[in-house]
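Residue numbers start from 1 in every chain, and the chains themselves are labelled A, B, ... in the order their sequence lines are given, proteins ahead of strands.
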Protein chains: 2
Amino acid sequence: MGNTPPVGRKVTLSDIAAGCDVSRATVSLVLRGSPLVNKHTRARVEEELRRQGYVYNRAAANLRRRTSSSIALVLNDLANPFFAEFAAGVDEVLGDTGFVTLLGSTSESTERELAVLSSLMEHGPAGIILSPAEGSDAQQILSAVGGVTPLLLFNREVSGDVAACDHWDRLFLDNQRGARLATEHLIAQGHKRIAFYGGHLGSSSCRQRRAGYTEAMKAAGLSVEPSWMVECIPNRLDAVAQSDRLFQGKTAPTAAVCYNDAVALGLMLGLHQHGLQPGRDFALTGFDDIAEAAVSAPPLTTLAVTPRDRGRQAAELILQRVKDPSPPPRQTIAPVQLLIRASSCPPHV
Amino acid sequence: MGNTPPVGRKVTLSDIAAGCDVSRATVSLVLRGSPLVNKHTRARVEEELRRQGYVYNRAAANLRRRTSSSIALVLNDLANPFFAEFAAGVDEVLGDTGFVTLLGSTSESTERELAVLSSLMEHGPAGIILSPAEGSDAQQILSAVGGVTPLLLFNREVSGDVAACDHWDRLFLDNQRGARLATEHLIAQGHKRIAFYGGHLGSSSCRQRRAGYTEAMKAAGLSVEPSWMVECIPNRLDAVAQSDRLFQGKTAPTAAVCYNDAVALGLMLGLHQHGLQPGRDFALTGFDDIAEAAVSAPPLTTLAVTPRDRGRQAAELILQRVKDPSPPPRQTIAPVQLLIRASSCPPHV
DNA sequence: GGGTACATTTGGATCGTTACAAAAGGCGAG
DNA sequence: CTCGCCTTTTGTAACGATCCAAATGTACCC
């Protein structure tokens with residue numbers, strides 16, 4: 001009674017149909033929960049599905065329906081906790097809506113980015129969430145992804161031809177406002193000589209944060225020494241290495257707004273090497289609120305960006321766009337929140 | 001001259017065939033670089049591919065060939081830097097071999113794990129890399145993934161029926177040896193009253209680390225007070241909260257082997273609250289070598305597990321298995337390396 | 001009994017690709 | 001000129017699902 005499931009081959013909808021003497025079409029209707037099928041038939045089919053251990057083949061269905069159930073997530077640095085949290089948020093939402101996440105990480109290389117994008121495109125994602133590598137070019141990305149698949153740009157702007165990508169959605173952090181809040185906070189603490197430390201001018205987020213800093217300084221009528229604007233690779237190591245440069249001008253700063261937490265934590269180490277104790281002799285702020293910020297010595301004043309929430313938001317934005325491609329492209333600026341901790345002390349007298 | 005590409009629809013191999021007056025079969029041969037096609041024809045076809053902006057539809061090809069070009073990566077905690085690095089390593093290797101990574105994160109929930117696995121199975125991955133949630137049951141996982149798709153178990157053992165999963169490959173860290181090395185190091189520093197702090201007995205990695213600790217203590221003829229074996233949720237917060245319990249027995253320990261770095265860093269904070277300075281009044285070791293370990297105060301002695309390399313290794317293992325399913329299942333134990341830093345001081349006199 | 005309305009079921013074509021066997025064309029030998 | 005042989009190309013039927021129009025049943029009414 002009842003055939004045995006096929007061996008060495010996956011169970012298909014035809015096997016089920018044969019197994020309970022109905023047509024493939026009927027089984028398909030059952031699978032999709034159509035109200036058309038008779039209750040009794042449905043029960044028989046469902047029993048057979050269980051019995052044979054059927055697994056739905058979404059690729060086949062997608063082919064026929066010309067749909068897609070995947071979203072590509074391409075990140076410039078998965079190993080960075082900020083992006084890892086972001087990815088977790090994206091995957092949470094996508095998983096709940098029946099989409100699957102196609103992951104691609106580019107390690108901050110533009111060539112790899114293009115390769116990863118083309119490879120992912122062959123799997124026909126319904127949409128793409130892209131946090132571009134530094135120096136990515138709009139034109140090249142466009143030619144890799146084609147003009148059809150919706151793309152959400154996250155976190156960074158891309159360089160080059162604006163017209164090429166003006167139909168992409170965008171989700172950015174409020175970098176400028178964040179840096180302005182941090183600077184205003186240091187000013188309110190009584191600082192007058194405040195530096196902006198770290199980051200690359202090549203990255204749009206760095207330029208925006210600098211702009212917020214400059215805005216606050218200008219509004220407070222404070223001047224900025226050229227030696228107080230120091231670039232460095234945004235990681236702890238280079239932040240330590242470059243910290244000398246803050247004190248090479250004729251007047252030394254008493255505080256610094258740092259590009260991000262990694263840089264701020266590096267600068268703390270650098271300060272120690274100069275005999276300065278951060279949070280007492282020198283005030284500083286970070287950006288990101290990585291886990292470490294709350295437990296460093298001293299705890300770091302920083303801007304919370306809640307990357308998991310951003311991930312969820314990014315997923316929702318791209319899903320909306322997939323559902324209805326018609327509305328004009330949208331740019332979303334996510335708020336950031338200043339968290340005041342011990343590192344942003346008043347000036348030492 | 002030459003048709004325009006179709007509008008609103010993706011360019012298919014048929015469009016190319018029509019565009020340069022050859023059959024679909026010939027275009028297909030060109031795409032796959034077959035030596036059968038005439039040099040001149042190939043050039044014409046390739047030109048047309050470029051002209052129309054063709055993108056290969058791998059899903060359709062996979063359907064026809066009954067193959068798959070994706071690997072599912074299911075992680076219990078993507079937000080954890082350890083797994084984020086692991087994922088980056090996996091994706092590096094898979095990307096290089098033309099596979100795509102299907103991501104799924106379970107947030108340490110066994111229900112979600114089953115849901116994610118079933119959902120991913122519908123996309124027909126060639127193989128699965130699974131770092132199970134705590135308390136995962138072998139039988140249930142098996143029924144979600146079926147007996148056919150190769151699965152590599154990473155990092156943790158699953159509970160339940162051994163027979164259900166004895167054909168899965170495994171990749172684990174050398175937890176026992178790592179904890180033994182850490183314990184031996186503390187003993188060599190002169191400690192005699194050494195605790196094992198943190199982790200859940202529900203997790204196999206915790207049991208293995210405890211075993212390594214016990215082994216070293218026994219080998220040195222040292223006894224272990226029950227109050228020195230403290231369980232806690234393996235994160236910083238609970239590690240702080242539970243740290244009292246270390247000092248509630250009649251003899252207090254002078255050192256602790258911690259379940260992992262997060263726990264160790266939490267314990268450091270807890271020690272401060274007890275008026276003890278870690279690295280001077282109390283010695284401790286971690287496990288994982290997260291970025292923070294090198295820069296904490298004091299820097300943390302720990303076991304480096306190089307998660308990115310583990311990711312690369314996991315990808316290679318599952319790819320081998322996909323290529324040839326016949327060899328017997330294999331269990332791989334990856335070595336760990338003790339990094340001695342300032343936190344593991346000699347006992348305070 | 002025939003007609004109509006309704007609920008269910010069903011072939012057959014189709015999505016974009018590949019496998020396979022067979023056809024077409026060219027060329028030299030007999 | 002025919003034959004075989006090689007190179008190159010091509011129809012056609014899959015893969016596993018869905019869509020659609022049409023078929024089947026069955027209940028009810030006049």
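- For A:D91 (side chain) and A:A88 (main-chain N/O), no donor-acceptor pair under 3.5 Å exists by modelled atom type.
- At whole-Å resolution of the value, CD in A:Q52 and P in D:dG16 are 13 Å apart.
- A:R44 places its CZ atom 8 Å from the P atom of C:dT9, with the value rounded to the nearest Å.
- Looking at A:R24, A:K10, A:R9 one by one, the single match for side chain to side chain donor-acceptor pair (under 3.5 Å) with A:D15 turns out to be A:R9.
- One finds a side-chain N or O of A:R32 lying less than 4.0 angstrom from the OP1 or OP2 phosphate oxygen of D:dC19.
- Remark: B:R65 is in phosphate contact with C:dA19, judged by side-chain N or O atoms under 4.0 Å from OP1 or OP2.
- Backbone-only contact: A:A61 has heavy atoms under 4.0 Å from sugar-phosphate atoms and none from a base.
- In terms of position along DNA chain D, the nucleotide closest to B:S23 lies nearer the 5' end than the nucleotide closest to the other residue of the pair B:A60 and B:S23.
- Checking the phosphate oxygens (OP1, OP2) of D:dC19, no side-chain nitrogen or oxygen of A:R64 falls inside 4.0 Å.
- Contact annotation: side chain of B:R24 to base of C:dT17, donor-acceptor pair present below 3.5 Å.
- Looking at A:E113 and A:S136, their side chains do bring a donor and an acceptor atom within 3.5 Å of each other.
- A straight line from CG of A:N57 to C1' of C:dC15 spans 13 Å, rounded to a whole angstrom.
- The A:S28 side chain lies nearest to D:dT18 when the options are D:dA14, D:dT18, C:dT9.
- Distance B:N38 CG to D:dT10 P: 11 Å, rounded to the nearest Å.
- Listed nucleotides C:dT10, C:dT18, D:dG11 differ in distance to A:T26; the shortest reach to its side chain belongs to C:dT10.
- If you measure from atom CG of A:N62 to atom P of D:dG16, you get 16 Å, rounded to the nearest angstrom.
- Ring orientation note: the planes of B:F154 and B:F83 are nearly perpendicular, at an angle over 60° on the 30°/60° scale.
- Which of D:dC15, D:dT18, D:dG11 sits closest to the side chain of B:R66 comes down to D:dC15.
- Between A:L102 and A:P125, the shortest heavy-atom contact is CD1-CB, 4.4 Å.
- The side chain of B:T41 sits closest to D:dT9 out of D:dT9, C:dT17, C:dT9.
- What separates CZ of B:R42 from P of D:dT8 is a distance of 10 Å, to the nearest Å.
- Per the geometry, CG belonging to A:L63 stands 18 Å off P belonging to C:dA13, to the nearest Å.
- Distance B:L29 CG to C:dA21 C1': 14 Å, rounded to the nearest Å.
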